[in-house]
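Please read the structure below before turning to the comments.
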Amino acid sequence: MSDLILHHYPNSPFSEKVRVAFGIKQLAWKSVQIPNIMPKPDLMPLTGGYRKTPVLQIGADIYCDTQLIMLELEKCAPRPPLLPPGKEGEARALTMWIDRNIFWPAVGIVMGAIGDKLPEAFYKDRSEFSGRSFDPAKLKAAAPFAAEQTYAQLVLAEEMLADGRPFLLGTAPTLADCALYNPVWFLKARLGAGKAVPPLDRLPRIVDWSDRMASFGNGKPADMTGAEALDVAKAATPATASVAANDPSGLKAGQKLSIVPDDTGKVPVSGVLVGLTADRISIVRSDPRAGDVVVHFPRAGFIVQVG
Ligand SMILES: N[C@@H](CCC(=O)N[C@@H](CS)C(=O)NCC(=O)O)C(=O)O
């Protein structure tokens, strides 16, 4: 198998969702550190504009969004399974709920506490990223509301653990646990290593669960530079993909498409359709530094336009 190359930065909670999966699966991987704000000069040749963190690269295949990154990891390293047979739907549905509903209020708590200590360039970048002005004073004022909202969602996971099960869906960690670890890890890492910070002080089962998750570690990372990752892409050939003939979208192989996230970091990526399944849409594009690469996106949460 070609190397798993993760483009990420240490403080990124969505990256921790993937790093903890590396830990559960005990995987060796290459770690490319990218900037936490634009510009990201060694990443853009690979993604064609997608700017969010993290991105997974396997040779000349580029996987955007953790929804798809986790499915790809599951394919490359199926043991132990994060999508347990018979519970795939539950694990993925819980993940969607967590990613879309808990992440942002948790970010609100963290930014309310430390937002005024961040550089001006970060405010500017995150205003562009989210389409809303990043104002540290407003974020501070809204922090109690963010804490209540985070509690109101996390308490549902606390209730799932109430019967004594060690993980959200039973005796072993699944995709849903990796997803929940993202905001819980972020709160702990940024606001209080070791001691429970609000609203975690009211969620003792989640705190214990997060210690179990932390014990998996992050697998076996080895550093790689962005330039080296570009060389890997250039030397590789993208894996074969195919376009489902009867997809309800009516999209056909060879069509020129533009694909953009529906929420934040709305930078469109253009390319030619080479792969389409119920879960993913894949386009090929070329770059002088990366060569021909196939960029893969999940279907959910991405807007596709022809032309
Ligand atoms: N839906 C995306 C969300 C990723 C996301 O929002 N990541 C944050 C960092 S944790 C981000 O991209 N922030 C802006 C940046 O890193 O430039 C996923 O699942 O990968």
Side-chain angles (χ1 to χ4, degrees), residues 6-9 11-18 34-40 43-44 46-56 62-72 91-112 115 118 122-135 138-139 142-143 145-146 149-150 152-154 156 175-176 178-187 190 249 257-271 278-283 295-306:
L6 192 70
H7 298 257
H8 69 130
Y9 52 87
N11 282 338
S12 154
F14 270 99
S15 302
E16 188 63 16
K17 174 180 168 186
V18 180
I34 57 172
N36 68 350
I37 59 173
M38 292 297 275
K40 305 188 185 191
L43 184 68
M44 293 304 107
L46 295 170
T47 64
Y50 180 83
R51 61 148 295 178
K52 295 197 204 189
T53 313
V55 167
L56 179 72
I62 312 298
Y63 299 91
C64 298
D65 196 289
T66 59
Q67 239 190 101
L68 185 56
I69 291 173
M70 300 296 270
L71 292 183
E72 194 55 32
R92 291 181 66 185
L94 280 174
T95 297
M96 287 294 258
W97 158 60
I98 293 162
D99 283 358
R100 293 224 161 196
N101 287 279
I102 307 187
F103 175 69
W104 281 106
V107 168
I109 299 175
V110 172
M111 290 305 154
L118 298 169
F122 187 85
Y123 304 158
K124 193 171 168 290
D125 181 81
R126 288 305 189 265
S127 299
E128 277 167 22
F129 178 74
S130 66
R132 279 179 299 175
S133 155
F134 186 107
D135 178 338
K138 282 194 184 143
L139 286 166
F145 176 72
Q149 290 306 304
T150 307
Q153 304 273 348
L154 281 180
L156 304 181
L175 186 57
C178 298
L180 189 66
Y181 195 52
N182 154 357
V184 174
W185 171 86
F186 194 46
L187 289 171
R190 298 311 297 261
S249 66
L257 302 181
S258 145
I259 302 180
V260 68
D262 70 359
D263 51 1
T264 50
K266 296 183 187 175
V267 184
V269 181
S270 298
D279 283 332
R280 68 178 71 188
I281 180 157
S282 312
I283 54 180
V295 191
H296 306 266
F297 300 90
R299 300 284 296 263
F302 284 79
I303 298 164
V304 177
Q305 279 189 324
V306 178

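Computed from a prediction, not measured in an experiment: that's the story for all the values here.
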query: Can the ring centroids of Phe129 and Phe134 be said to lie less than 6.0 angstrom from one another?
result: no
State, with a plain yes or no, whether a side-chain heavy atom of Thr47 is found less than 4.5 Å away from one of Val269. no
| message | Under a 3.5 Å distance rule, please check whether Lys52 uses its side chain to pair with a backbone N or O of Lys266 as donor and acceptor. | response | no
Those residues at least two apart in sequence (or on a different chain) that pass side chain to side chain donor-acceptor pair (under 3.5 Å) with Thr150 are none
Heavy atoms of Ser270 and Ser258 approach each other most closely as OG-CB, 4.1 Å
Distance col, row Leu94:CG vs Leu175:CG, nearest 0.5 angstrom, shows 9.0 Å
Minimal heavy-atom distance between Pro268 and Val260, with the atoms involved, is N-CG2, 3.8 Å
For this session: Would you kindly say whether Trp97 and Gln153 are connected by a side-chain donor-acceptor distance under 3.5 Å?
Result: yes
Legend entry - Beyond-backbone contact of Glu16 with Asn182, side-chain heavy atoms, under 4.5 angstrom: no
- prompt: Would you say Val295 and Cys64 make side-chain contact, with heavy atoms under 4.5 Å?
  reply: yes
*Between Tyr9 and Ile37, is a side-chain contact (heavy atoms from CB on, under 4.5 Å) present by the stated rule, with each step listed?*
CA-CA 10 Å; Tyr9 52 87; Ile37 59 173; over 6 Å; no
Heavy atoms of Gln67 and Pro298 approach each other most closely as OE1-CB, 3.6 Å
(Q) What I want to find out is whether Asp279 reaches Arg92 closely enough, with some N-O distance under 4.0 Å, to be called a salt bridge. (A) yes
Rounded to the nearest 0.5 angstrom, the CD1-CZ distance for Ile109 and Phe145 is 11.5 Å
| message | Keeping Thr66 on the side-chain end and Ile69 on the backbone end, is there a donor-acceptor pair under 3.5 Å? | response | no
All heavy atoms of Thr264 vs all of Ser130, minimum pair found to be CG2-CA, 4.1 Å
What one should report as the nearest heavy-atom pair of Leu187 and Ala106 is CD2-O, 3.9 Å
Review point. Do the side chains of Phe297 and Ile283 get nearer than 4.5 Å, heavy atoms only?
Key: yes
Output for pair (Thr95 OG1, Arg100 CZ), nearest 0.5 Å, gives 13.0 Å
Problem - Steps toward side-chain contact (heavy atoms from CB on, under 4.5 Å) verdict (Leu180, Leu154) - result: CA-CA 9 Å; Leu180 189 66; Leu154 281 180; 3.6 Å; yes
Those residues at least two apart in sequence (or on a different chain) that pass ring pair (Phe, Tyr, Trp, His ring centres under 6.0 Å) with His296 are Tyr63
* **Charged N-O contact under 4.0 Å between Arg51 and Asp65** => no
dist Lys17:NZ -> Tyr181:OH (nearest 0.5 Å) comes out at 15.0 Å
Would you say that Tyr123 contacts Leu118 through its side chain, given a criterion of any heavy-atom pair below 4.5 Å between the two side chains?
yes
*Would you check, one step at a time, whether the test side-chain contact (heavy atoms from CB on, under 4.5 Å) holds for Ile259 with Ile281?*
CA-CA 9 Å; Ile259 302 180; Ile281 180 157; 3.9 Å; yes
In this structure, NE2 of His7 is separated from OG of Ser15 (nearest 0.5 Å) by 11.5 Å
Quiz item: Looking only at atom types and distance, does a side-chain atom of Ser12 sit under 3.5 Å from a main-chain N or O of His8, one as donor and one as acceptor?
Solution: no
Say whether Thr53 and Lys40, considering side chains only, have a donor N or O and an acceptor N or O under 3.5 Å apart. yes
| field | Note, Tyr50 side chain near Val267 side chain (heavy atom, < 4.5 Å) | value | no
Sequence neighbours excluded, the answer for side chain to side chain donor-acceptor pair (under 3.5 Å) partners of Arg299 is Asp247
Interatomic distance, CG@Leu257 vs CD@Gln305, rounded to 0.5 Å, equals 10.0 Å
**Report entry** Electrostatic pair Asp135-Arg126, nearest N-O below 4.0 angstrom
**Finding:** no
*asked:* Before you tell me yes or no, could you show the steps for Ile98 and Phe103 under side-chain contact (heavy atoms from CB on, under 4.5 Å), namely the whole-Å CA-CA distance, both residues' side-chain angles and the distance that decides it to 0.1 Å?
replied: CA-CA 7 Å; Ile98 293 162; Phe103 175 69; over 6 Å; no
For Pro105 and Gln149 the tightest heavy-atom approach is CB-CB, 4.1 Å
